[in-house]
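Counting starts at 1 for both ligands and their atoms, following the listed order. Computed from a predicted model, the values in this text were never measured in an experiment.
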Amino acid sequence: MKVVVVTGSAHRNGTSAYLAQRFIEGASEAGHEVFRFDAAFKSVHPCIGCEKCHRTGSCAFQDDMNELNPHLFEADAVVFVSPIYYYGINAQIKAVMDRFYAHDDRLHAKKKAVLMLTMADTTTESAEGPLASFRGMTSYLGWDIAGTVVALNTGTLDLLENSPYPDQAYLLGKAL
Ligand SMILES: Cc1cc2nc3c(=O)[nH]c(=O)nc-3n(C[C@H](O)[C@H](O)[C@H](O)COP(=O)(O)O)c2cc1C
């Protein structure tokens, strides 16, 4: 299976990067081919809704989405890994999702999807918006949700390492 993992955090050794790494370990051990795209270290201009893509077939912004798109088109599974920022996913990963608009037709396909979130909160309140958006987006695109990891009380790497969530991410990757 071809798996694309998109991360949002600018912390290379942060909590969500750690979850992504554990997921990738599980998926790789299961024999899946993983392409990782760390959006915070790429150039992805936010969509401006200019509709050039729908008029001409090509996005107004020629940036690192050109690297990601071929992998997205071929992917059997797409995995999003983000820290929670003010009750939402972070801006870097949202910019990637919004740019799906240019290839909406090709992305309506049979795929699995996973969302993994880290956050300081000890309740699910901060994750409710992102989970609802994820359900909406995947339903719209016709993607099946293969699983979610909502890592509560993981505001630091130390807290995450001493939680059950890295194992959940690993097992989810392995079970894809
Ligand atoms: C700008 C900003 C906003 C945040 N907003 C929230 C929030 O709304 N709810 C929450 O539980 N944690 C919030 N946090 C905490 C982060 O989600 C948490 O520290 C996370 O582990 C960071 O992930 P990272 O290490 O992968 O960057 C916020 C952190 C930052 C920097």
Side-chain angles (χ1 to χ4, degrees), residues 3-30 32-48 63-65 67-69 71-72 75 77-100 111-139 143 145-176:
V3 183
V4 168
V5 176
V6 184
T7 71
S9 178
H11 296 137
R12 283 197 191 276
N13 297 311
T15 58
S16 50
Y18 191 82
L19 273 193
Q21 190 49 42
R22 291 296 287 147
F23 180 94
I24 290 169
E25 281 166 25
S28 302
E29 282 175 28
H32 302 307
E33 185 187 318
V34 179
F35 176 78
R36 176 172 175 162
F37 187 85
D38 294 315
F41 302 99
K42 300 288 185 180
S43 171
V44 177
H45 197 287
C47 176
I48 58 167
D63 56 21
D64 288 336
M65 283 304 287
E67 178 195 353
L68 177 59
N69 279 330
H71 294 278
L72 281 175
V78 184
V79 180
F80 302 97
V81 197
S82 179
I84 291 287
Y85 277 7
Y86 291 104
Y87 297 79
I89 54 171
N90 83 342
Q92 290 89 337
I93 208 161
K94 183 65 164 78
V96 169
M97 288 175 174
D98 289 352
R99 292 281 297 279
F100 288 0
K111 295 186 196 297
K112 292 184 176 184
V114 169
L115 177 66
M116 302 198 291
L117 302 166
T118 59
M119 71 208 73
D121 258 8
T122 55
T123 73
T124 55
E125 193 186 354
S126 286
E128 280 163 16
L131 286 168
S133 300
F134 182 63
R135 280 194 297 272
M137 183 185 77
T138 50
S139 159
W143 298 0
I145 295 179
T148 57
V149 174
V150 178
L152 305 180
N153 192 23
T154 56
T156 64
L157 191 55
D158 185 51
L159 284 167
L160 179 72
E161 281 171 343
N162 291 296
S163 78
Y165 304 115
D167 283 349
Q168 284 182 20
Y170 170 81
L171 291 173
L172 192 51
K174 197 148 191 163
L176 254 196

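- In terms of N/O distances under 3.5 Å, ligand 1 is not approached by Met119.
- Panel note: side chain Thr123, backbone Glu125; a donor-acceptor pair is recorded below 3.5 Å.
- By the salt bridge (Lys or Arg N to Asp or Glu O under 4.0 Å) test, Asp64 pairs with no residue at all, sequence neighbours left out.
- Distance from atom 11 (O) of ligand 1 to its nearest protein heavy atom, with residue and atom name: Asp121 N, 2.8 Å.
- Protein heavy atom in closest approach to atom 5 (N) of ligand 1: Tyr86 N, 2.8 Å.
- Considering only non-hydrogen protein atoms, atom 8 (O) of ligand 1 sits nearest to Tyr87 N, 2.9 Å.
- The protein non-hydrogen atom at the shortest distance from atom 24 (P) of ligand 1 is Thr15 OG1, 3.3 Å.
- In this structure, Arg36 contributes its side chain and Val6 its backbone to no donor-acceptor pair below 3.5 Å.
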Using a 3.5 Å cut-off and no angle test, enumerate the donor-acceptor pairs between side-chain atoms of residues 83-98 and protein atoms at least two apart in sequence or in another chain.
residue: Asn90; atom: OD1; partner: Ile93; partner atom: N; Å: 3.4
residue: Asn90; atom: ND2; partner: Gly8; partner atom: O; Å: 2.8
residue: Asn90; atom: ND2; partner: Gln92; partner atom: OE1; Å: 2.9
residue: Lys94; atom: NZ; partner: Asp98; partner atom: OD1; Å: 2.6
residue: Lys94; atom: NZ; partner: Asp98; partner atom: OD2; Å: 3.2

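- Dense packing is recorded around CD of Glu29, with more than 12 heavy atoms of other residues, nucleotides or ligands lying under 6.0 Å away.
- Residues Val3 and Phe23 come closest through the heavy atom pair CG1-CE2, 4.2 Å.
- No side-chain donor-acceptor contact under 3.5 Å links Asp63 and Ser43.
- Using a 4.0 Å cut-off to heavy atoms of Ser16, the atoms of ligand 1 that qualify are 24 (P), 26 (O).
- The contact set between ligand 1 and Thr118, taken as ligand atoms under 4.0 Å from a residue heavy atom, comprises 17 (O), 20 (C), 21 (O), 23 (O).
- Both the backbone and the side chain of Ala120 come within contact range of ligand 1, each with a heavy atom under 4.0 Å.
- For ligand 1 and Ser9, the ligand atoms under 4.0 Å from any heavy atom of the residue are 24 (P), 26 (O), 27 (O).
- Regarding atom 2 (C) of ligand 1, its nearest protein heavy-atom neighbour is Tyr85 CD1, 3.5 Å.
- Checking side-chain atoms of Thr138 against main-chain N and O of Arg135 turns up a donor-acceptor pair under 3.5 Å.
- In the candidate list Ile84, Thr154, Asn90, Ile84 is nearest to atom 15 (C) of ligand 1, counting heavy atoms.
- Relative orientation of the Trp143 and Phe80 rings is parallel, given thresholds of 30° and 60° on the angle between their planes.
- Among protein heavy atoms, atom 19 (O) of ligand 1 sits closest to Gly155 O, 3.2 Å.
- Closest to atom 9 (N) of ligand 1 among all protein heavy atoms lies Ser126 OG, 2.8 Å.
- Taking every non-hydrogen atom of His11 and a distance limit under 4.0 Å, the qualifying atoms of ligand 1 come out as 24 (P), 25 (O), 27 (O).
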